[in-house]
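A short worksheet on the structure shown next.
All residue numbers refer to positions in the sequence shown, counting from 1.
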Amino acid sequence: MATNEATILRNYLLLPARLPTFISLQEFTSLFPKSQQSSPQIRALYRDLQQQRNVVVDGVSQNVDAQVRQGKALRREVIKARREAELEEQDDEIEIERMLFGSTSNTLQPKQHTLLTILPDMDDAAADMEAEIETMEQEEAALLESIKQAVGNMSDLRYGRFSSSKLKDEVLDGLQSIQEVCKRKI
């Protein structure tokens, strides 16, 4: 996917997708009956909708980034396949000619890289690696946030307050899933 395609996707899918872009808190409040418009729950509902919308937009943003990376990888694969096809297309007659008469202008020569042709390829590879590192850092941050949230949710355990008889099993399952995620990341 070309950079301009990624820009178009971001401009048309992400910029207008945030909740305040198409409805403000004041407009949202005006949708409710007059008697309920001063309720603090409306503001909380708006913030909740905004958070849900942001999660969806972040997912779309990650999908756009993934498509950009996938497009680059696909282009590299096509170039690689073309190079391999060029090498395979050299038939036996050309090989016999080379053996008998040496290289001539009629025979295909493999394309050699020069400094000017290899630098863009190396820049693309470096950019791909940086993007992959950035993705891994984002995943790490998301996991850290998930762990912090789980620790925060366990404050009842710290003070000995159990709201459910099944809480012990739920906590053990949650800890098991955290351990599995940590093991996968190591």
Check your understanding: Has Glu132 got more than 12 heavy atoms of other residues, nucleotides or ligands less than 6.0 Å from its CD?
Key -> no
Review point. Is Gln179 atom CD crowded by more than 12 heavy atoms from other residues, nucleotides or ligands, each under 6.0 Å away?
Key: yes
What's the separation between atom [atom1] in [X] and atom [atom2] in [Y], rounded to the nearest 0.5 Å?
{"X": "Gln138", "Y": "Ile133", "atom1": "CD", "atom2": "CD1", "answer": "12.5 Å"}
{"X": "Leu45", "Y": "Leu49", "atom1": "CG", "atom2": "CG", "answer": "4.5 Å"}
{"X": "Cys182", "Y": "Ile147", "atom1": "SG", "atom2": "CD1", "answer": "4.5 Å"}
{"X": "Glu140", "Y": "Leu143", "atom1": "CD", "atom2": "CG", "answer": "8.0 Å"}
{"X": "Arg75", "Y": "Glu77", "atom1": "CZ", "atom2": "CD", "answer": "12.5 Å"}
{"X": "Leu9", "Y": "Gln67", "atom1": "CG", "atom2": "CD", "answer": "8.5 Å"}

[Y] reachable from [X] in the ILVMFWY side-chain graph, under 4.5 Å edges:
{"X": "Met122", "Y": "Leu116", "result": "no"}
{"X": "Ile23", "Y": "Ile42", "result": "yes"}
{"X": "Ile118", "Y": "Ile79", "result": "no"}
{"X": "Val181", "Y": "Leu144", "result": "no"}

Practice item. May I ask you to decide whether Lys72 forms a salt bridge with Asp124, counting only side-chain N to carboxylate O separations under 4.0 Å? Key: no
Any sub-3.5 Å donor-acceptor pair from [X]'s side-chain atoms to [Y]'s backbone N or O?
{"X": "Gln62", "Y": "Gly59", "answer": "no"}
{"X": "Ser61", "Y": "Val57", "answer": "no"}
{"X": "Thr135", "Y": "Ala131", "answer": "yes"}

Point to revise | Of all pairs that satisfy ring-ring contact (aromatic ring centres under 6.0 Å, His included), the ones with a partner from residues 31-54, not counting sequence neighbours | key: Phe28-Phe32, Phe28-Tyr46
Check your understanding: Which pairs pass ring-ring contact (aromatic ring centres under 6.0 Å, His included) with one or both residues in residues 124-144, sequence neighbours excluded?
Key -> none
Practice item. Could I get the full list of side chain to side chain donor-acceptor pair (under 3.5 Å) partners for Asp48, not counting sequence neighbours? Key: Gln52
Review point. Strictly by modelled atom types, are Gln50 and Arg47 linked by a side-chain donor-acceptor pair under 3.5 Å?
Key: yes
Check your understanding: Is there a side-chain contact between Val64 and Arg10, using heavy atoms and a 4.5 Å cut-off?
Key -> yes
